[in-house]
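Okay, structure first, notes after.
Per chain, numbering begins at 1; letters A, B, ... match sequence-line order.
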Number of protein chains: 2
Amino acid sequence: MSLRYALLGLTAAFPSTGYELARIFDRSLDYAWHASHSQIYPELKRLSDEGLVEVVGEGARNSKSFAATAAGRQVLREWLVETEPVRKVRDESSLRLFLTSLLEPADRLTVLRRELAHLEAHMEELDRLAKETASRATPSAFASMIDLGQRVMPVTRGWLLDAIAQAESGLPDALT
Amino acid sequence: MSLRYALLGLTAAFPSTGYELARIFDRSLDYAWHASHSQIYPELKRLSDEGLVEVVGEGARNSKSFAATAAGRQVLREWLVETEPVRKVRDESSLRLFLTSLLEPADRLTVLRRELAHLEAHMEELDRLAKETASRATPSAFASMIDLGQRVMPVTRGWLLDAIAQAESGLPDALT
DNA sequence: CACTACATGTAAGCTGTTACATGATTGG
DNA sequence: CCAATCATGTAACAGCTTACATGTAGTG
């Protein structure tokens with residue numbers, strides 16, 4: 001169900017095409033919720049059938065802009081305000097970090113270094129996004145999430161650096 | 001596929017029953033990867049059919065302990081060392097934090113405060129777990145993950161406190 | 001004119017959730 | 001002896017991935 005609320009929120013903030021929504025997931029929401037276009041288009045159709053979003057404009061290349069309706073915004077609000085939060089994270093990176101601790105130091109170093117490179121690439125991407133966001137008039141929801149990412153990632157990076165230092169000094173926990 | 005690697009890792013670290021694995025997911029792995037028993041039992045059966053785990057003991061109440069075989073550990077190692085990390089996070093809490101920014105300040109406060117309470121409960125739980133882990137001989141993989149959580153959560157907490165302070169001062173971004 | 005980015009969709013198969021179902025052991 | 005916890009499973013359904021499929025508009 002989370003996907004539909006994500007779509008309701010985004011289209012409530014500003015009318016978007018399915019394609020644009022897919023890009024938003026890909027660029028800014030990827031560390032909160034992942035979704036691909038093949039999931040987004042059918043869900044938009046369903047939401048539209050249920051009157052929770054509506055087409056508010058058609059552009060070039062047969063594109064359609066969707067916006068959340070009053071009913072849609074209401075459904076979103078109810079979900080946020082009335083549903084107890086649940087903790088059902090699925091984050092392959094975190095899982096990998098956990099499992100990596102089980103490898104022998106040589107393999108562990110390989111994996112940790114690659115994870116670090118990935119994280120740093122992601123951090124740069126976020127910094128770029130933050131600059132873009134600052135220069136344009138972007139809803140503050142995005143700025144907040146970018147801020148959260150910019151606070152959390154350096155901490156994860158610190159953990160990785162420590163783990164790498166420890167693996168380099170050749171410590172315990174061999175799997176093989 | 002992540003579930004099977006998680007199970008291979010856990011059973012490689014120490015033989016476990018399906019029930020124990022379900023508890024581990026529930027208590028320590030929940031902020032990396034979530035899985036329920038109805039998914040764990042069939043997957044263990046499949047892994048066992050494929051020779052990647054094996055039954056290493058039977059206990060009370062028809063319980064069976066599984067351990068990763070050499071082949072299973074090899075499959076896990078290959079996945080960790082040879083697969084490029086992907087970023088397909090699904091974290092409802094993060095999504096909610098994002099969407100909450102779209103609500104009017106009154107609702108936003110309600111939701112943020114509840115998220116804060118949840119996070120703080122989770123932090124306490126982690127602290128308890130950290131103590132348990134320190135007193136017993138637990139594999140350091142768990143200690144590492146707890147450490148990561150203990151580093152990351154206070155940062156998220158800080159973000160939440162800032163967001164709450166901002167909402168209290170009655171700032172922008174009303175959805176309705 | 002070719003390439004890239006824009007733009008939307010479908011279908012088969014796999015993964016994950018919710019609900020149902022059953023039974024054993026321990027502690028109060 | 002009753003409730004809670006331990007312990008394992010299945011089935012229907014919902015959600016997600018991968019691959020296929022098609023076409024448009026802008027840029028060099």
Side-chain angles (χ1 to χ4, degrees), chain A residues 1-8 10-11 15-27 29-30 32-50 53-66 79 83-92 95, chain B residues 1-8 10-11 15-27 29-30 32-50 53-66 79 83-92 95:
Chain A
M1 288 280 91
S2 294
L3 175 63
R4 59 173 26 209
Y5 299 115
L7 294 176
L8 285 172
L10 292 169
T11 55
S16 320
T17 66
Y19 188 83
E20 285 164 348
L21 291 165
R23 286 192 84 229
I24 291 169
F25 275 99
D26 222 44
R27 297 189 56 196
L29 271 184
D30 55 354
W33 198 265
H34 171 84
S36 60
H37 79 273
S38 59
Q39 216 190 337
I40 291 169
Y41 288 117
E43 188 65 42
L44 278 174
K45 175 138 200 325
R46 244 170 278 142
L47 287 167
S48 164
D49 290 346
E50 292 169 39
V53 302
E54 60 187 349
V55 176
V56 292
E58 314 205 1
R61 279 167 272 197
N62 312 317
S63 72
K64 282 172 286 181
S65 280
F66 292 89
W79 181 65
T83 311
E84 276 301 302
V86 284
R87 213 166 54 216
K88 291 187 183 180
V89 181
R90 283 210 167 76
D91 177 359
E92 203 174 281
L95 178 63
Chain B
M1 291 279 91
S2 293
L3 175 62
R4 58 173 27 208
Y5 299 115
L7 294 176
L8 284 173
L10 291 170
T11 55
S16 321
T17 66
Y19 188 83
E20 285 164 348
L21 291 165
R23 286 193 85 228
I24 291 169
F25 276 99
D26 223 44
R27 297 189 56 196
L29 270 184
D30 55 353
W33 198 266
H34 170 84
S36 59
H37 79 273
S38 59
Q39 217 190 337
I40 291 168
Y41 289 116
E43 189 65 43
L44 278 174
K45 175 137 201 323
R46 244 170 279 140
L47 286 166
S48 164
D49 290 346
E50 292 168 39
V53 302
E54 60 188 349
V55 177
V56 292
E58 314 204 0
R61 278 168 273 201
N62 312 316
S63 72
K64 283 171 283 179
S65 281
F66 292 90
W79 181 66
T83 311
E84 273 304 300
V86 284
R87 213 166 53 216
K88 291 187 184 181
V89 180
R90 283 210 168 77
D91 178 359
E92 203 174 280
L95 178 63

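Within 4.0 Å of B:K45, counting heavy atoms only, lies no atom of the nucleic acid at all. At a threshold of 4.0 angstrom between heavy atoms, the contacts of A:S38 include nucleobase atoms, whether or not backbone atoms are also involved. Within 4.0 Å of A:H37, counting heavy atoms only, lies at least one base atom of the nucleic acid.
One atom, CG of A:D91, and another, P of C:dG16, lie 14 Å apart when rounded to the nearest Å. As rounded to whole Å, 14 Å separates atom P of C:dC6 from atom CG of A:L21. As a whole-Å value, the separation of B:L3 CG from C:dG16 C1' is 9 Å. Taking atom CD1 on A:I24 and atom C1' on C:dC6, their separation rounds to 15 Å, with Å as the unit. With rounding to whole Å, B:L7 atom CG is found 12 Å from C:dT15 atom P. The OH-P distance, from B:Y5 to C:dC14, rounds to 15 Å in whole Å. Rounded to a whole Å, the CZ atom of B:R46 is 11 Å from the C1' atom of C:dG16. The separation between A:Q39 atom CD and C:dG13 atom P is 19 Å, rounded to whole Å.
Residues meeting the salt bridge (Lys or Arg N to Asp or Glu O under 4.0 Å) test with B:E50, sequence neighbours left out: B:R4. In terms of the side chain to side chain contact (heavy atoms under 4.5 Å, CB included) criterion, residue partners of A:V86 (sequence neighbours excluded) are, by chain and number, B:E92. With sequence neighbours left out, B:Y41 forms a side chain to side chain contact (heavy atoms under 4.5 Å, CB included) with B:Y19, B:H37.
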**Request:** At under 4.0 Å between heavy atoms, which parts of nucleotides 22-28 of chain C does protein reach? Answer with one letter per nucleotide, 5' to 3': B base, S sugar-phosphate only, - none.
**Result:** --BBS--
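One finds the CG atom of B:L21 at 12.5 Å from the CD atom of B:Q39 (value rounded to the nearest 0.5 Å).
Heavy-atom distances to DNA chain D give each of B:R23 and A:E43 a nearest nucleotide, and the one nearer the 5′ end belongs to B:R23. The 5' end of DNA chain D is approached more closely, in terms of each residue's nearest nucleotide, by B:P42 than by the other of B:R90 and B:P42.
Looking at B:V89 and A:D30, their side chains never come closer than 4.5 Å, going by heavy atoms from C-beta outward. Using a 4.5 Å cut-off on side-chain heavy atoms (C-beta onward), B:L7 and B:F25 make contact.
By the 4.0 Å N-to-carboxylate-O rule, B:R23 lies too far from B:E20 to be salt-bridged with it.
Listed here is the closest heavy atom pair of B:T17 and B:S65: CG2-OG, 3.8 Å. Here the closest non-hydrogen pair linking B:H34 and A:R87 is ND1-O, 4.1 Å.
Bracketed by its first and final contacts, the part of DNA chain D lying under 4.0 Å from non-hydrogen atoms of chain B reaches from D:dT5 to D:dT18 in 5' to 3' order.
Pairing analysis of DNA chain C (Watson-Crick: purine N1 to pyrimidine N3 plus N6-O4 or O6-N4; G-U wobble: N1-O2 and O6-N3; both under 3.5 Å) yields stems of 3 or more pairs at C:1-28 with D:1-28.
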